[in-house]
Amino acid sequence: MTPTTLSRAELVAELLANSSRPDSAGAPRVGDCEATSAYAMAPDAVLTRKLSAARELLMRDLQAQMRHGPIMDSPQTLRDWLRLHCAGLEHEVFLVLYLNAGHALIEAEQLFRGTLTQTSVYPREVVKGALSRNCSAVAIAHNHPSSGSAEPSRADEHLTQSLRSALALVDVRLIDHFIVSGDQVLSFAERGLV
């Protein structure tokens, strides 16, 4: 199972599961079955599973915070969520954050997936997603997994303007475009590009 399909309780149990080998001598103890099955995997695999569970819990908590008020009131929360979402990806993804009239998060969606250096983005699909969620604003984001730089390209700037125009036709405001590269998160709004 992937961490995204597990409940919060299951994720916490995954984090707290005993990952040391049970003693071979003596009577069985509570948790020995779990520890034995956990050790059927290599120690690195156990650590990877625990880190994945921790990452999923953090992402859910950050997303819950973004639902309680305007996302730009706590830009660090949004930046942390974007970093976690894009961490370790070896391909570009394009994300849309659908926002209500108060700019609180309705839903975050990974709308497109690309290759190492590019993603095809279709404005029609962004508009369709905005209308289906009855949102009043969106923030968009994508990552640069290969360049190591969050600096926008001319294509990124052109895409932002195209999406802004398309969304404006249906009375949806594009409030920001973020580029994530490693631990860097660049905001188009902060640069005056939106």
Side-chain angles (χ1 to χ4, degrees), residues 1-12 14 52-114 118-145 150 152 156 159-181 183-190 193-194:
M1 279 197 211
T2 64
T4 56
T5 61
L6 299 176
S7 70
R8 182 174 187 81
E10 291 169 322
L11 289 168
V12 170
E14 182 73 31
S52 293
R55 178 180 174 268
E56 181 63 24
L57 284 168
L58 282 170
M59 287 187 62
R60 289 181 190 183
D61 286 349
L62 291 169
Q63 208 167 32
Q65 289 175 35
M66 293 188 296
R67 284 191 171 97
H68 290 299
I71 63 168
M72 299 317 283
D73 280 1
S74 56
Q76 191 59 44
T77 299
L78 175 58
R79 289 172 187 268
D80 289 344
W81 184 86
L82 288 169
R83 279 188 205 100
L84 279 171
H85 186 86
C86 295
L89 293 178
E90 296 177 354
H91 56 275
E92 281 198 15
V93 294
F94 183 85
L95 307 165
V96 181
L97 290 89
Y98 302 101
L99 310 173
N100 66 20
H103 291 179
L105 183 67
I106 296 170
E107 183 181 348
E109 178 183 31
Q110 182 177 306
L111 197 55
F112 304 108
R113 177 188 166 141
Q118 65 183 357
T119 302
S120 295
V121 176
Y122 302 97
R124 171 186 167 85
E125 295 302 314
V126 177
V127 171
K128 196 164 93 174
L131 290 173
S132 72
R133 288 161 182 87
N134 199 30
C135 71
S136 67
V138 299
I140 58 174
H142 77 280
N143 63 329
H144 285 173
D156 293 336
L159 172 65
T160 303
Q161 297 312 316
S162 295
L163 287 173
R164 191 173 111 190
S165 297
L167 288 162
L169 291 172
V170 293
D171 201 26
V172 175
R173 185 170 166 231
L174 175 63
I175 64 166
D176 210 340
H177 182 170
F178 298 93
I179 299 177
V180 182
S181 182
D183 64 350
Q184 303 171 44
V185 180
L186 178 132
S187 162
F188 276 49
E190 289 175 2
L193 298 173
V194 174

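Worth saying up front: this structure is predicted, and the values here are computed from it rather than measured.
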(message) Has Ser181 got a side-chain atom pairing as donor or acceptor with Gln184's backbone, closer than 3.5 angstrom?
(response) no
(message) For a 4.5 angstrom cut-off between non-hydrogen side-chain atoms, does Asp156 reach His142?
(response) yes
(message) Would you say that Leu105 contacts Leu78 through its side chain, given a criterion of any heavy-atom pair below 4.5 Å between the two side chains?
(response) no
(request) Might you work through the side chain to side chain contact (heavy atoms under 4.5 Å, CB included) test for Val127 and Leu167, ending with a clear yes or no? (result) CA-CA 6 Å; Val127 171; Leu167 288 162; 4.0 Å; yes
(request) Would you please say whether a donor-acceptor pair under 3.5 Å links the side chains of Asp61 and Gln65? (result) no
(message) Would you say CG of Asn134 has more than 12 non-hydrogen atoms from neighbouring residues, nucleotides or ligands within 6.0 angstrom?
(response) no
(message) Could you measure the distance from the CG atom of Leu99 to the CD1 atom of Ile71? Nearest 0.5 Å is fine.
(response) 4.5 Å
(message) Show the nearest heavy-atom pair for residues Phe112 and Tyr122, with the distance to one decimal.
(response) CZ-N, 3.4 Å
(message) Measuring from atom CD1 of Ile106 to atom CE of Met66, what distance do you get when rounded to the nearest 0.5 angstrom?
(response) 12.5 Å
(request) Measure the spacing between CG of Leu62 and CG of Leu82 and express it to the nearest 0.5 Å. (result) 10.0 Å
(request) Of all the heavy-atom pairs spanning Val172 and Cys135, show the shortest one and how long it is. (result) CG2-O, 3.7 Å
(request) Could you grab the distance from atom OG1 of Thr5 to atom CD of Glu56, nearest 0.5 Å is fine? (result) 8.5 Å
(request) Would you indicate whether Arg164, at its atom CZ, is surrounded by more than 12 heavy atoms from other residues, nucleotides or ligands within a distance under 6.0 Å? (result) no
(request) State, without any angle test, whether His103 and Asp73 hold a side-chain donor-acceptor pair at a distance under 3.5 Å. (result) no
(request) Flag the pair His91 / Pro145 as yes when at least one side-chain heavy-atom distance between them is below 4.5 Å, and no otherwise. (result) no
(request) Would you confirm whether Arg55, through its side chain, and His85, through its main-chain N or O, come within 3.5 Å as a donor-acceptor pair? (result) yes
(message) Give me the atom names and distance for the closest heavy-atom approach of Asn143 to Val93.
(response) OD1-N, 2.7 Å
(request) Heavy atoms only: give me the nearest Pro152-Leu193 pair and the separation to one decimal. (result) CG-CD1, 4.1 Å
(request) Quick one: closest heavy-atom pair of Ile175 and Ala139, and the distance? (result) CG1-CB, 4.1 Å
(request) Please tell me if the side chains of Leu174 and Thr160 come closer than 4.5 Å, counting only heavy atoms from C-beta onward. (result) yes
(message) Is it true that, when you exclude Arg113 itself, more than 12 heavy atoms of the residues, nucleotides or ligands shown sit nearer than 6.0 Å to its CZ?
(response) no
(request) Using modelled atom types only, decide if a donor and an acceptor are shared between the side chain of Arg83 and the backbone of Asp183 within a distance under 3.5 Å. (result) yes
(request) Using modelled atom types only, decide if a donor and an acceptor are shared between the side chain of Asp171 and the backbone of Ser136 within a distance under 3.5 Å. (result) no
(request) Report the residues that fulfil side-chain contact (heavy atoms from CB on, under 4.5 Å) with Glu90, sequence neighbours left out, ordered by chain and then residue number. (result) none
(message) Using 0.5 Å steps for rounding, measure from the CD atom of Gln63 to the CG atom of Leu97.
(response) 8.0 Å
(message) How close do Val194 and His177 get, counting heavy atoms only, and between which atoms?
(response) CG2-N, 4.2 Å
(message) Can you tell me how far apart SG (Cys86) and NE2 (His144) are? Round to the nearest 0.5 Å.
(response) 10.5 Å
(message) Given 3.5 Å as the limit, does a donor-acceptor pair link the side chain of Arg133 with the main chain of Tyr98, or not?
(response) no
(request) Quick one: list whatever passes side-chain contact (heavy atoms from CB on, under 4.5 Å) with Ala189, sequence neighbours left out. (result) Asp176, Ser187
(message) Can you confirm whether Leu111 sits close enough to Leu95 that some side-chain heavy atom of one is under 4.5 Å from a side-chain heavy atom of the other?
(response) no
(message) Has Glu14 got a side-chain atom pairing as donor or acceptor with Ala54's backbone, closer than 3.5 angstrom?
(response) no
